[in-house]
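I have placed the structure first, in the form of C-alpha cells, so that the comments after it can refer back to it.
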Amino acid sequence: MPVPWFLLSLALGRNPAVISLERIVGPQDAARCSPGLSCHLWDGDMLCLLGSIEAAPGPVLVPTHLQAELVLRCHQETSCDLCVRVTVQLAVHGHWEEPEDEEKSGEAAEPELKELRNASLQAQVVLSFQAYSTARCVLLEVQVPAARVQSGQAVGSLVFDCFEAALGAEVRIWSYTQPRYQKELNLMQQLPDCRGLEVRDSIQSCWVLPWLNVSTDGDSVHLVLNVSEEQHFGLLLYWNQVQGSLKPWWHRNLTGPQTITLNQTDLVPCLCIQMWPLEPDPVRTSICPFKEDPQAHRNVWRAARVQLLSTKSWRLDMPCSLPAEVMLCWQSPGGDPCQPLMPPLSPENVTVNVRSWEKVQLQECLWSDSLGPLKDDVLLVETQGSQHNRSLCALEPTGCTPLPSRATTRAAHLGEQLLEDLQSGQCLKLWNGDLGALWACPVDKYVHRRWALVWLACLLLAAVLLFLLLLRKDRGKAAAGVRAALLLYSADNTAFESLVGSLATALSRLPLRVAVDLWSRRELSAQGPLAWLHAQRRQTLQERGVVVLLFSPGAVALCREWLQDGPPAPRAHGPHDAFAASLSCVLPDFLQGRASGRYVGACFDGLLALDAVPSLFRAAPLFSLPSQLRGFLSALQGPCAARFGRLEDSAEQVARALQPVLDSCFRPPPRGLGPELEAGLE
C-alpha cells in the first residue's frame, strides 16, 4: 500500500502569511497627485514612443523613483481582477540660464524672463506597462506651482490606478516624460499567484485549482491529482533552472482524476510541477516538492558528468543548477584514494561556489582518454618562488616529499633520477600556471628494471602483430576500394535535413560508403545519439575514413557554446540530432591537433559563409558547396581509396543533385501549406 510521503496543496488555502489587498471599485482608470500639485489623466491609451533624449531648455519635471503596488479592481464582491498601481516621484531638473551679455539683452528681456520664472511648471508623464499578451501606455499631465520650482528639489508624487494583470505574470513598467530629458525609469516585478494572496473568494480563477498528493511505493513515486471528474487541466513537469527559462520534461493535457507514476531515479531537486485549468488565460500554479529530498540530491549527482574541454578548463553537466566544488586530484594505480593537488593551482581555475551535499559526490579521471591507461608515474609539483627560484616535491600518499630528500619513501629514493628525467624532458607536463606546474614522471623503468627486456620483447611482438593486422586491413580496404565517410550536421530545420539527405545520396553513388543519422533512425533511437555517434566515428576512423562536418548557423552556435564563445544555442533539435552529442569527441581531436586527415568541413553557398566557421575547426580542409565541389571530392577521395574517375564529372554529378534542393531553401514557401510546414521550410 502506498505510504503517504507529504501532502501538497496547490489550491489556495487560508494562511496567516498571505497578503490582503486594497479594493478599488469601477472599471475606469484614475490618477491623483500629492497636495500642492494638479494632475490630469488623458482619455484612452497612447502610442508607446520612447523618443530620444533632449537638452532641457530650463527647469523641467522628471521622474526620480518608480514604485508598484498590487490592488484588486472589483466589479462585484466576488468578481475582481489583479491590478498594478503605479506611483511616480517627481523632482525639478535644470535651472534658468542668465543672459551672457546683460547690456545687449536690454531691459526688454527682463519682463519676459520674469514672467517665465513666475509661471507654473508643467510636464507630460508617460507610464508604459507590458505583460504577457498585454501592452499599454497612458499619459498624465502634472502642474507644479512656481513657488515650488527649485532645481534638484522633490515636488511630490503621481499615482495611477491601475494596470490589470494576470496572476503569476511577469510585468515591466517604464516611466519617462515627453519630451524626454533623461534615461527612463524601469521596474520589473513577478506577480504572486493564488497561494500568495488573500483572494480566494474574490478572483474566480482561484476557485478551481486542483490538489496534489505525493506518495511513494517502493521504487515508484505517485502524483495523485484530486481533480473533479470531467475537469480538464494541464500538467507540466519541468526542471527549474537558476539561469534562463524553465526546461520542460513532460507535458500532458488530462481529465481528472489522475495518478502519474514516476521512478525514484527521476527525482532531482529542481524537478517542479505546474498545473492549470484548460480555460482562457488560466492561473498556473507551480511547486517544487523535492528541493530538500536526500534521494533527489543523490540522483542528481549520479546523473552528473564531467567533460574535459582543454588542459585548463572542463564542464560539469547535471540536470539541476546546484552549487558544487571542483578540485583536481591525483590517483595512483591500485585504487588508492584520490589525493587533492597542492599549490601551485589557483583556486579560480578549479572551484565554483562551494557547497557539497556529501564529502565526495563525483570522481572522474578527465585525462584518461588523452594519456592512455593509468601508469605507475610520480607527480612532481613545481612551485615558483618570489625570487624566480623553483622548488619541487613528489606527491605521495604520505604527502608531498621535497626533492632531493633523505626520507625513506619511494620518491625520495628515486629523487636524483626523477630530477634528471625532468631536466632531460622525459616527464610530461600536465599543467602550467602562473605559480608553477605539474609533471608526470615515469618510474617503472627503475622499479621493474629486471623485467624491462621481457616487457620490451612483448611490446615489440605486439607492435609487429598490430602492424601486420593493420597492413592486412589496409590491403583489404584497398582491394575493396571504398572509403567510409560519416556526415555530421545540426538539424536546424526540415529544409536543411533534406539538403543533407540529397548530398548523402549523391556521395553514395561514388566510391564512398556514406553514414548519416537520417538513414539510421532505428539504431539511433535504440542506442541514443551519443552511443551511435561514438560507434560510427570509431569505425570510420579505424577504416581510415573521413568525418565530414557540415556547418550551418545552428551548428556554429552549438560549437561556440561548447567553446564558451557565445550565448547558449536554442534547443530546437530533435531527438535524433547527433551533432550536439558529436562535439564531446570531435572537439578533443581539434584541441589536441589530431584533426588533419580525419576531418573535412563544408558549408552550403548562401546559407553560411566560410569565415563564420569558428577558427578552431579551420585546422581541417573547409569547402563551400557546390562552388568548391572539386576540392571537396578530392579531400574525400583520400590517398589509398579507389578513384572517383574524372573529378570534373563527379563534381558535376553531385552538383546536379544538390542545386535544386539548395535553390528550394531560398524559395519562399507556397501559400496554403499551413504554419507547421511553412515553419519547417524557413
- Task: Step through it carefully: locate the ring centre of F551, locate the ring centre of Y489, and say whether they are under 6.0 Å apart.
- Result: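 No, the ring of F551 stays outside the 6.0 Å limit from the ring of Y489, centre to centre.
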Side-chain contact, heavy-atom cut-off 4.5 Å: [X] with [Y]?
X    : Y    : result
V546 : Y599 : no
W276 : L236 : yes
P289 : I273 : yes
L267 : V221 : yes
E561 : L558 : yes
L82  : L191 : yes
L616 : W562 : no
L488 : L550 : no

- Message: Working note: L563 + L587, criterion side chain to side chain contact (heavy atoms under 4.5 Å, CB included); need CA distance, chi angles, decisive distance, verdict.
- Response: CA-CA 9 Å; L563 295 172; L587 274 178; 3.9 Å; yes
- What residues, two or more places apart in sequence or in another chain, satisfy side chain to side chain donor-acceptor pair (under 3.5 Å) together with S552?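 Applying side chain to side chain donor-acceptor pair (under 3.5 Å) to S552 gives D492.
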- Message: Between C393 and L403, does the side chain to side chain contact (heavy atoms under 4.5 Å, CB included) criterion hold? Intermediate values first, please.
- Response: CA-CA 5 Å; C393 66; L403 296 181; 5.8 Å; no
If you measure from [atom1] on [X] to [atom2] on [Y], what distance do you get to the nearest 0.5 Å?
X    : Y    : atom1 : atom2 : answer
K429 : W439 : NZ    : CH2   : 4.0 Å
S582 : H534 : OG    : NE2   : 9.0 Å
T255 : L278 : OG1   : CG    : 8.0 Å
L422 : C427 : CG    : SG    : 5.0 Å
I260 : S220 : CD1   : OG    : 13.0 Å
F233 : M275 : CZ    : CE    : 5.0 Å

Which atom names give the shortest non-hydrogen contact between [X] and [Y], and what distance separates them?
X    : Y    : result
L70  : L21  : O-CD2, 3.7 Å
A131 : V171 : CB-CG1, 3.8 Å
P588 : L583 : CD-O, 4.1 Å
H297 : K291 : NE2-O, 2.8 Å
F590 : A620 : CE2-CB, 4.0 Å
P269 : V300 : CD-CB, 4.0 Å

- Sequence neighbours excluded - salt bridge (Lys or Arg N to Asp or Glu O under 4.0 Å) pairs with any residue from residues 253-262: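 For residues 253-262, and leaving out neighbouring residues, there are no salt bridge (Lys or Arg N to Asp or Glu O under 4.0 Å) pairs at all.
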Identify, with sequence neighbours excluded, every residue that meets side-chain contact (heavy atoms from CB on, under 4.5 Å) alongside [X].
X    : result
Q295 : Q264, D293, R298, N299, R302
T259 : H222, V224
A484 : R513, T540, E543

- For the pair V378 and L414, evaluate side chain to side chain contact (heavy atoms under 4.5 Å, CB included) and give the outcome as yes or no after the intermediate values. CA-CA 10 Å; V378 170; L414 301 175; 5.9 Å; no
- Query: salt bridge (Lys or Arg N to Asp or Glu O under 4.0 Å) with D589: which residues, sequence neighbours excluded?
  - Reply: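 Checked D589 against salt bridge (Lys or Arg N to Asp or Glu O under 4.0 Å); matches are R537, R594, R598.
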- Quick one: which of L541, L533, V548, V516 gives a side chain to side chain contact (heavy atoms under 4.5 Å, CB included) with L486?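 For L486, the side chain to side chain contact (heavy atoms under 4.5 Å, CB included) check succeeds only for L533.
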- Message: Quick one, L518 with L487, criterion side chain to side chain contact (heavy atoms under 4.5 Å, CB included). Give me CA distance, side-chain angles, the key distance, then yes/no.
- Response: CA-CA 10 Å; L518 285 171; L487 305 187; over 6 Å; no
- Verify, without hydrogens or angle tests, whether N493 (side chain) and F496 (backbone) share a donor-acceptor contact under 3.5 angstrom.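 Confirmed, N493 side chain pairs with F496 backbone.
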